[in-house]
Amino acid sequence: MDATQGLLNWKIGNVTVTRVVETGTEMPAMLFGGSTPQDLQAMGDWLHPFLTENGNPNLSFHTFAVQLGDLRILVDTCNGNDKERSPMFEAFANLSTPYLSLLEEIGFAREDVDFVVCTHLHFDHVGWNTMLVEGEWVPTFPNARYVFVQEELEHWASLPDMPLHGDAFVDSVQPVLDAGLVDLVGHDHQVCEGLSLHWSPGHSPGHVCVRIESGGELAFITGDAFHHPVQIGRPDLAMTMFDTDSAKAVTTRDRLLGDWADADILILGTHFATPTAGHIHKSDDQDSGKFFFA
Ligand SMILES: [Zn+2]
């Protein structure tokens with residue numbers, strides 16, 4: 001977990017983005033298109049900060065806390081505390097992390113959050129939407145508007161028995177809907193001046209990246225369009241078990257890489273371990289991947 005710990009922050013013009021880490025985990029390399037640890041280690045030194053000593057992908061679960069003028073915006077809310085999850089995902093069940101204290105330390109007290117933006121509605125992006133109070137799931141951020149893409153909400157609402165994401169819908173999505181705190185929006189919605197959604201379907205139907213622009217500078221938050229930097233080198237290495245449509249996810253990654261490579265665009269990875277942010281570059285050495293991240 002060392003590689004994921006600590007607050008980091010970045011400036012995009014006048015906007016400050018702070019990474020607040022909830023937890024981290026090692027994933028088997030084989031989940032990325034059947035890769036071996038050796039395959040990943042061979043892709044080059046640029047990838048090594050994001051691999052464990054064993055050569056497996058290291059994943060961080062963090063929120064990006066965005067201070068934009070007077071507005072405080074959270075992008076994705078990790079897993080949450082006290083959530084019951086299926087045995088296969090027990091690493092994310094019944095957590096008890098100091099996430100809310102970390103947010104408060106950087107000036108994001110629960111009551112002061114203006115927007116909660118979820119890139120998609122998977123369990124590890126909606127968890128802190130709610131918290132357990134006297135046996136009830138209540139909205140964690142009572143004064144926030146929760147921004148969900150309508151198409152994404154309709155998709156998961158139509159699959160109530162889906163293991164894992166169905167549980168998360170019940171404990172982390174439905175309560176904020178019931179409280180009237182949700183804005184259902186299109187997938188290119190502008191949340192406020194300087195922060196908008198950018199459709200990136202495949203991992204889920206209404207999945208969005210988040211675009212931040214200020215003072216002539218530009219950044220994108222990936223969401224799960226990229227689970228790990230390995231997918232920058234090899235966009236075809238899909239995490240099929242978690243994607244709604246892996247072929248579409250690959251097409252989306254190809255498009256985003258074309259748009260983002262060798263441009264002055266800061267890329268903030270939603271599950272990227274430290275250093276978490278960087279730039280995408282076209283690779284001269286195609287053996288080590290089409291693109292690299294540094
Ligand atoms: Zn995720």
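We count ligands from 1, going down the list as the structure has it; atoms in each ligand are counted the same way.
Residues Q231 and M239 come closest through the heavy atom pair NE2-N, 4.0 Å. The two residues T97 and N81 make their nearest non-hydrogen contact at N-OD1, 2.9 Å. Annotation for P235 and I232: closest pair CD-O, 3.8 Å, computed over non-hydrogen atoms.
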Which atom pairs, donor and acceptor, lie under 3.5 Å between side-chain atoms of residues 257-264 and protein residues at least two apart or in another chain?
unit_1: D262; atom_1: OD1; unit_2: K282; atom_2: N; d: 3.4
unit_1: D262; atom_1: OD2; unit_2: K282; atom_2: N; d: 3.4

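Take a cut-off of 2.8 Å around the Zn ion (ligand 1): the protein N, O or S atoms inside it are D124 OD2, H125 NE2, D224 OD2, H271 NE2.
Judged purely by atom type and a 3.5 angstrom limit, H120 has no side-chain atom pairing as donor or acceptor with the backbone of V149. Distance alone, capped at 3.5 Å, is enough to place a donor-acceptor pair between the T252 side chain and the P201 backbone.
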